[in-house]
There are 2 protein chains.
Amino acid sequence: MSTMRDVARKAGVSPMTVSRVLSAPNLVHPATRERVLTAMDEMHYVPKQVTKVSSSEVRSIALVVADFTNPFFTQIARGVEWVARRHGYGMTLHNTGEDPEREWESLIAIRETRASGVIWVPCGDTSSMSARILLDADVPTVLVDRLIPGVPSFDAVISDNRIGAKAIVSTLLANHRQPIVAVMGQTVTSVVRDRLLGLQDALADHHQTFDPNNVVYCDPIHPKDVLWSEIRPRVPSGGAVFAWNQIAASAVFRAAKQANVHPPEDVMIATFDNPDPYGITPGFFVVAQQDPYKMGTESANLLLRRLNQPNDPLKSTLILPVSVHVGSQSESPRSIVLEPS
Amino acid sequence: MSTMRDVARKAGVSPMTVSRVLSAPNLVHPATRERVLTAMDEMHYVPKQVTKVSSSEVRSIALVVADFTNPFFTQIARGVEWVARRHGYGMTLHNTGEDPEREWESLIAIRETRASGVIWVPCGDTSSMSARILLDADVPTVLVDRLIPGVPSFDAVISDNRIGAKAIVSTLLANHRQPIVAVMGQTVTSVVRDRLLGLQDALADHHQTFDPNNVVYCDPIHPKDVLWSEIRPRVPSGGAVFAWNQIAASAVFRAAKQANVHPPEDVMIATFDNPDPYGITPGFFVVAQQDPYKMGTESANLLLRRLNQPNDPLKSTLILPVSVHVGSQSESPRSIVLEPS
DNA sequence: GTGAAAGCGCTAACAG
DNA sequence: CTGTTAGCGCTTTCAC
């Protein structure tokens, strides 16, 4: 692989001139520049920009998500990418698979990559260990979707999960759908915590008590069909299931159908995020819609702000509203107006 | 940000010893090692591994896809990641959005990253320009899903698109579903070309001629609803639509429903890739199933092989079989056995 | 406009 | 086991 020296020799100039052709072309005589450029072409010269360790970094943002198989996270990615591109940054996507160990490895790798900054969906509360990697190396970081308790040192963008969950459950209760079984991811995250709090809020409003037995925990990435055997005994006809995300909701839906239980009459399925973006499936009647794309753009904006003002001590947490839609997706849905928390 | 020298000074050793603690710890006296390690901790030392330009590279594979919003590609990503991890490699995902310009930029960025190798879903035939980036820099590369005509220099893993398309169309014809309108991505790719060839093969088998007017081209990422106005005039009741992928199929499905056309009676929708992984939607009756996860693992395997034998002149193209399923997803589908091409 | 010298952070190669 | 020297590919500084 040819180096700057090689090009310089071929063009009959010093390595310095070659360097300048790359970084400050207008300081080089046009004729010389041409000679250098053709030399580069002929030798297939590839600058190893990485070496300029001391100088400018790589203008690139690393986005670390829990599961890039989940459309929710790829929508966030689209948002981040869009803003990044507009500001001349590239973006790389990294998957942790909800696994703290992979998360650790990814962050180490990213740190060595010298990315300009990181936008991060942490696996869960245990991610406070991995947070040290970023904190110690002073990597500008923004959390999305989930917070890490005890680590207030990052900017963050999340949804108003508590209010969203409360609205969902209130709607179910108002429609006399009971009992309500909640299906949550078994990872300990702020998202699950907040949605359970919202559930309790709604129950409390209706003077009902919260029964922990009515919460079923599932694998956050592959909920499988296993679920139904756990859910069924708790949901007689006329009840409802509150799924924490679109993957779980779809799994519940399929499991129900296989068990010959038909939503929405037999059981009403409510969920965060629309599991049916094409509106081709009847049966989902209460959906709390986040705006993952916006979560992406906003977190990228926060990161860019921090890249420009690295020493601003003020950390901000942006809480985006959730909109709740009632009615079959094929009909035009009615929306519920929510008071911000 | 502290450097090796700083750590060395603090620990009272030479920079070399610090370096060794990182790369060959057992060559350093345990006591010294401890001192160095604590010094590192205290100073929050972060090694800039990137600098070792001349020595070992970053053990990481870059996967470049056309649209990470499409589950098909994230399944490929899962496959790649799995194999990469097993061999001690990291993986980064890069999105081109089917845009040759973004593709160009991504590949440049990746090249400077000094990734060990690249697995790449090229945007289309125009990607031959971008291919030069990789070829000139001698980056080990494997193509997935799509080939680039005129660039035989890469290993590749693709599906048997022609046979799959032929099987789909033959099935439709056997069920007397006509006319058949094909909905294809408007990007010029080997995938679309091969699937159209398969369509023609099937028609020829039934002594029918291929009418280019019966092909509708749509945006490969956001097919929108616009489609239906183009499709409708060409598909009277009893006809069929052959969608080139799951995104297009879902769009067609929704458009049909909005126009009060009901699959599968009014129109039969056949497609590559199951647009309904949860089996909750009735109406898709012929589905050509690729194995994106396997495409990922196989391409990663090819890449690893090449990383170990960089000079093997033999390039291989792996063509994976496609399985065609007939019948509603909610019923147990019958499979058709296909002869490999 | 151009070049020579010095140095970025780190690691092979050779002493000791 | 540890340190010295030299050099990776490139850029900054300061000459000319």
#### Entry: Salt bridge present between B:Arg102 and A:Glu81 (N-O < 4.0 angstrom)
yes
### Message
Taking atom CD as the centre, does A:Glu101 end up with more than 12 heavy-atom neighbours from other residues, nucleotides or ligands that are less than 6.0 angstrom away?
### Response
no
### Message
From CG of A:Leu27 over to C1' of C:dG3, roughly how many Å is that when rounded to an integer?
### Response
14 Å
### Query
When you check the phosphate oxygens OP1 and OP2 of C:dG1, does a side-chain N or O of A:Thr32 lie under 4.0 Å from one of them?
no
### Query
Can you tell me how far P of D:dC1 sits from CZ of B:Arg33, to the nearest Å?
9 Å
### Query
More than 12 non-hydrogen atoms from neighbouring residues, nucleotides or ligands closer than 6.0 Å to NZ on A:Lys10, yes or no?
yes
### Message
From the set C:dG1, C:dT11, D:dC8, return the single nucleotide nearest to any side-chain atom of B:Met4.
### Response
C:dT11
### Query
With sequence neighbours excluded, what pairs up with B:Arg33 under the side chain to side chain donor-acceptor pair (under 3.5 Å) test?
none
### Query
Do the side-chain N or O atoms of B:Arg5 get closer than 4.0 angstrom to the phosphate oxygens (OP1, OP2) of C:dC8?
yes
### Query
Which whole-number value in Å describes the distance from B:Arg20 CZ to D:dC1 C1'?
8 Å
### Query
Over how many whole Å does the gap from B:Asp6 atom CG to C:dC8 atom P extend?
11 Å
### Summary
Residues of residues 9-19 of chain A with a heavy atom under 4.0 Å from any atom of DNA chain D, listed by number, are A:Met16, A:Ser19
### Query
Between B:Arg146 and B:Glu98, is there a side-chain N and carboxylate O pair less than 4.0 Å apart?
yes
### Task
Answer yes or no: are there more than 12 heavy-atom neighbours, outside B:Arg86 itself, under 6.0 Å from its atom CZ?
no
